[in-house]
Amino acid sequence: MDSFDFRDMERRWSPFWERMNLYATGQDPDSPNFYCLDYFPYPSGAGLSVGHCRNYIPTDVISRKKRMAGVNVLHPMGWDAFGQPAEEYAIKTGIHPAEVTRTNTDTYRRQMKLFEAGYDWSREIDSSSPDYYRWTQFFFLLLFDRGLAYQSDGFQMYCPACRIVLSNEEAAGGVCWRCSGSVTRKRLPQWYFRITDYAQRLLDDLSGLDWPEGIKAMQRNWIGRSEGAEVVFPVALPGGDTLNMPVYTTRIDTIFGATFCVMAPEHPDLQAVTTPEKRAEVSSYLKLVAARSDTDRQADTGRDKTGVFTGSHALNPFTGEKIPLWVADYVLGGYGTAAIMAVPGHDQRDHDFAKRFSLPILEVIAPEGVPRGVDEAATEADGILINSGAFSGLSSDSARHVMAEHAREKGFGHPEVRFRIRDWLVSRQRYWGAPIPIIHCAKCGPVPDRNLPVLLPDVDGFQPDESGLSPLARSTGWMKTTCPKCGGPGERETSTMAGFACSSWYFLRFASPGEKDRPFDPEEVKKWLPVDMYVGGAEHAVMHLIYARFFTKVMYDAGMVDFTEPFTCLKNQGMLLSYDHQKMSKSKGNVVTPDEVVEKYGADALRLYILFMGPFEAELEWSEEGISGTYRFVKRIWKLFQHPLEPAEPNPALQKEIRYNLAKTVRKVTEDIDSFQFNTAVAALMEFINFMASHRESAGSAAAEWDAARKDVLVLLAPMAPFIAEELWHRLGYPGETIHRAQWPVLKEDDLTQDTVEIAIQVMGKLRGRMTVPSGADNGTIEALALSNPRIAEILAGAKPRRVIVVPGSLVNIIP
RNA sequence: GCCGGAGUGGCGGAACGGCAUACGCGGUGGACUCAAAAUCCAUUGUCCGCAAGGGCAUGAGGGUUCAAAUCCCUCCUCCGGUACCA
């Protein structure tokens with residue numbers, strides 16, 4: 001018996017498969033196509049941990065199984081290579097980010113090959129290469145030409161630790177997505193993509209996607225559609241003029257209870273409405289607000305509200321009453337119209353504010369028709385309108401329609417749908433990104449530079465400085481150019497694009513990665529896209545996934561693709577915690593690498609453990625004992641397959657049992673892999689191997705069945721443990737160059753029928769016995785057999801059962 | 001607060017109306033060994049019992065059903081997301 005040596009197998013088969021080009025993209029025109037994609041990884045200096053394997057091993061298993069089922073598979077890998085860490089490292093060490101990136105991608109690729117993640121490496125892409133980023137720039141211009149890219153000067157989210165501006169998605173919760181540090185605001189001119197134009201479509205199309213509910217819910221929440229009304233409140237200005245101040249409300253039904261209005265500190269008309277007497281007080285309040293970070297301002301919703309009276313009054317167009325206009329930072333500058341009507345009786349935030357500053361509180365909604373008083377707290381529930389003039393008696397729901405229409409007729413408002421999502425800030429004052437292909441001309445304004453790629457120049461240092469300008473601004477030779485439109489002097493835009501721009505179209509590039517004259521070949525894209533199976537972590541619920549959906553819809557509108565959603569089916573792998581119950585991190589020193597695991601237990605054991613340890617989506621913990629279990633499993637298979645077949649008298653019962661168990665296993669493993677239940681697929685294989693091991697001495701009495709079982713079980717095992725499957729396939733002399741091109745076993749339904757079945761006997765729902773009956777037995781026979789069972793007869797003690805329920809093939813329940 | 005997801009042996013988990021605890025880990029006893037590792041065999045929810053057998057167990061409490069971990073209602077805990085969005 002040969003001893004088990006996984007290193008020997010890995011040394012032999014890895015190069016063998018590479019030589020035969022096993023993972024090449026399928027090209028059979030008669031077969032269906034399947035595009036299986038992993039999230040575009042950023043190649044960090046830390047390399048891969050076993051946590052990443054929870055992404056890459058399952059997609060590899062799916063791809064292998066599809067290939068064996070005769071499907072053309074596209075399963076590519078590439079690098080989201082632009083980004084801050086490489087640049088930070090470059091700043092520290094002076095090594096060019098391109099070189100850092102090359103080192104890191106080499107490591108990633110090597111590690112992926114270590115556990116035999118089977119990618120078509122001939123399609124590898126790198127978003128930091130000019131061959132790629134010229135097309136990222138092309139898409140920038142596509143958006144620019146369609147009026148979807150614009151420059152604007154406003155307050156941005158800014159991470160002081162990373163020294164970089166952030167999009168709203170990247171600054172969710174007032175926290176930087178990369179460093180988790182708190183975010184401040186900075187006023188800088190920036191480039192935006194008009195994703196808000198697509199808000200409704202981004203929302204509507206979610207419903208048709210086979211994505212985790214949680215991710216869809218997060219996107220709906222982020223898009224944040226609300227239906228309400230805009231109402232104009234005229235404000236008498238100190239100089240005698242009138243300013244029309246629109247406010248947005250979802251509760252126009254409460255407008256008779258509006259006792260004051262509030263502007264956000266950022267409101268553009270704040271200075272105009274501030275009376276001379278209040279000027280000093282308002283400006284010192286603005287200073288106070290500016291000194292507070294956004295996190296302070298937003299995180300603690302329970303803190304005492306602050307604000308200052310502007311001295312002006314607004315006219316409630318429904319009541320004709322003049323109500324004071326305040327400025328307060330609980331009203332946000334970036335949402336709605338940056339001004340609100342405050343209804344303290346029916347909005348708790350307004351209630352808090354009114355209490356603090358002794359403003360009047362009115363009750364205008366009676367929930368379930370009964371006023372309940374609003375002195376202590378606001379009643380936010382819907383109800384019947386009271387104290388609301390002609391509208392009294394209406395329900396909140398109908399009042400919202402009636403009153404918004406009323407406002408429209410009278411010309412002081414209209415129904416309005418608003419979204420929470422903001423435009424996507426894409427420019428970054430950083431070196432290591434795709435340059436924005438725009439030339440600024442004093443005469444023509446921003447002009448597209450269509451001479452792509454606009455190459456990243458070499459610069460002396462990559463360090464961003466406090467000027468808020470990109471390091472590219474220091475490369476004056478590069479920056480100074482001529483305007484493509486008028487030929488006059490022009491200056492290049494020195495911002496680069498956020499990495500999320502690169503990853504918003506990469507899935508298209510994989511269809512035809514070598515295209516020279518266009519971002520992709522439409523024929524190839526038609527063949528492969530949308531992505532059939534997209535797998536990655538849940539952290540990109542809003543960010544990458546919403547940006548990529550937006551890009552796809554823009555391309556659809558431009559007639560470049562014929563689908564509106566890029567990812568048909570999405571799955572999120574669960575996080576893998578380390579053995580100390582904490583997230584793996586370099587600083588905690590608890591990172592487990594695939595390198596050390598493969599060295600000790602081999603790639604097959606690692607792959608099986610990652611699949612077996614628990615449900616694909618669940619958060620799980622790495623365990624050294626756990627992997628020793630799958631390592632033992634691999635060795636058990638090895639031993640079983642070394643066992644010689646001793647000739648013996650045929651045993652039909654055993655033959656049948658083997659066929660039955662094999663068919664059961666084929667069905668279970670096939671279904672479980674297809675539905676991402678890898679843990680139970682491995683368990684089913686373990687059970688079958690255990691079954692075979694317990695019958696190995698008598699295998700000769702069912703030689704044909706035994707051999708068929710060995711062959712099929714190897715094929716079932718092949719996607720999950722490719723090395724041992726290949727090794728044993730060759731040793732046993734099964735046909736074909738490789739097991740990985742063997743036919744996936746076909747389920748033999750007939751083998752699943754058995755002569756007899758075991759039936760559980762319950763009395764009053766409690767298990768009291770078992771019996772074996774012919775599998776075709778009808779309900780009457782089963783009932784009679786159950787009642788005549790001695791143990792059951794004893795329990796019933798001669799009593800005639802009131803009712804008997806028979807579940808064919810499973811159980812019988814007797815109610816005495 | 002709101003939105004998602006989850007609570008099952010000592011542990012990871014399986015079963016998602018029909019025999020709870022598959023599979024694995026760990027534990028215990030044994031075989032092999034001078035010994036250990038590796039391997040193999042047996043056993044392993046809990047309580048009562050010598051045993052046969054029985055009682056109790058899927059976060060808590062109700063309900064539907066012949067039958068509930070699974071469906072419905074109320075509540076608790078944990079994880080993730082989000083939060084002054086008018």
Side-chain angles (χ1 to χ4, degrees), chain A residues 172-174 212-218 220-222 224-226 228 247-252 254 258 261-262 264 297-303 305 328-332 334-343 346-350 352-353 380 418-422 538-539 541-542 572 574-575 608-609 612-615 617-630 632-633 635-636 639 668 677 679-690 693 758-770 791 801-815:
Chain A
E213 271 315 308
I215 300 286
K216 291 206 264 186
M218 279 188 238
R220 287 196 186 100
N221 192 26
W222 189 260
R225 183 191 149 101
S226 74
V247 305
Y248 178 69
T249 178
T250 53
R251 292 299 304 273
I252 195 173
T254 65
C261 282
V262 187
R297 188 172 153 187
Q298 286 189 9
D300 181 14
T301 57
R303 83 179 161 77
K305 293 191 165 39
D329 72 349
Y330 83 93
V331 173
L332 302 178
Y335 184 76
T337 60
I340 62 158
M341 66 172 202
V343 184
H346 303 284
D347 182 295
Q348 192 54 46
R349 298 159 299 181
D350 298 342
D352 294 345
F353 194 80
E380 298 190 331
R418 291 256 172 190
F419 295 92
R420 221 175 69 112
I421 190 171
R422 318 283 166 83
E539 68 276 8
V542 288
N572 300 128
M575 212 197 317
L608 286 165
Y609 179 54
F612 178 66
M613 61 195 307
E617 326 76 35
E619 178 177 294
L620 297 168
E621 260 169 43
W622 180 261
S623 137
E624 192 75 15
E625 290 79 38
I627 189 163
S628 70
T630 53
R632 280 203 281 258
F633 174 54
K635 285 193 290 186
R636 272 207 314 276
K639 261 169 65 178
K668 180 81 179 145
Q677 290 170 288
N679 54 331
T680 48
V682 176
L685 281 169
M686 286 175 167
E687 264 181 278
F688 191 67
I689 292 292
N690 290 347
E758 192 171 70
I759 299 264
I761 311 172
Q762 294 181 338
V763 178
M764 282 293 284
K766 282 193 195 295
L767 183 71
R768 291 295 138 136
R770 295 165 196 287
R791 167 119 193 85
R802 281 192 294 131
R803 199 175 158 193
V804 179
I805 294 107
V806 178
V807 184
S810 173
L811 62 70
V812 42
N813 190 8
I814 300 160
I815 316 303

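Naming convention: chains lettered A, B, ... in sequence-line order (proteins, then strands); numbering from 1 in each chain.
Residue contacts shown for A:Arg768 are limited to sugar-phosphate atoms, with no base heavy atom under 4.0 Å away. Residue-level contact check: A:Leu620 touches the backbone only, with heavy atoms under 4.0 Å from sugar-phosphate atoms and none from bases. Residue A:Pro212 is out of contact with every strand shown, counting any heavy-atom pair closer than 4.0 Å. Within 4.0 Å of A:Ile340, counting heavy atoms only, lies at least one base atom of the nucleic acid. Contacts of A:Glu758 with the nucleic acid, taken as non-hydrogen atoms under 4.0 Å apart, include base atoms. As judged by a 4.0 angstrom heavy-atom cut-off over every strand, A:Arg418 is placed among residues making no nucleic acid contact. When heavy atoms are screened at a 4.0 angstrom cut-off, A:Ser623 is found touching no nucleic acid atom at all.
Contact between the side-chain N/O atoms of A:Arg251 and the OP1/OP2 oxygens of B:A86 is not found at any separation under 4.0 Å. Here A:Lys766 does not reach the OP1 or OP2 of B:G18: none of its side-chain N or O atoms lies under 4.0 Å away.
Judged by Watson-Crick or G-U wobble contacts below 3.5 Å, the nucleotide B:C75 has B:G59 as its partner. Checking B:C16 for Watson-Crick or G-U wobble geometry (two distances, each under 3.5 Å) identifies no partner in any strand. Judged by Watson-Crick or G-U wobble contacts below 3.5 Å, the nucleotide B:U65 has no partner. Shown here, B:U70 forms no base pair; nothing in the strands shown gives a Watson-Crick or G-U wobble contact with both key distances under 3.5 Å. The partner of B:G80 is B:C3, judged by Watson-Crick or G-U wobble contacts that both fall below 3.5 Å. As the counterpart of B:C40, B:G30 is assigned, both hydrogen-bonding distances of the Watson-Crick or G-U wobble pattern falling under 3.5 Å. Under the Watson-Crick or G-U wobble criterion, with both distances below 3.5 Å, B:A35 has no partner in any strand shown. Base pairing analysis places B:G10 opposite B:C25; the two distances defining the Watson-Crick or G-U wobble pair are each below 3.5 Å.
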Grab the N/O contacts between the protein and nucleotides 43-53 of chain B below 3.5 Å, and write none if there aren't any.
| unit_1 | atom_1 | unit_2 | atom_2 | d |
| --- | --- | --- | --- | --- |
| B:G53 | O3' | A:Arg791 | NH2 | 3.2 |

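Relative ring orientation between A:Phe353 and A:Tyr330 is described as tilted, the plane-to-plane angle lying within the 30° to 60° band.
Set against B:C25, B:U82, B:G24, the side chain of A:Arg636 has B:G24 as its closest nucleotide.
For A:Asp329 and B:A83, the CG to P distance is 16 Å, given to the nearest whole Å. Per the geometry, CG belonging to A:Asn679 stands 10 Å off C1' belonging to B:G12, to the nearest Å.
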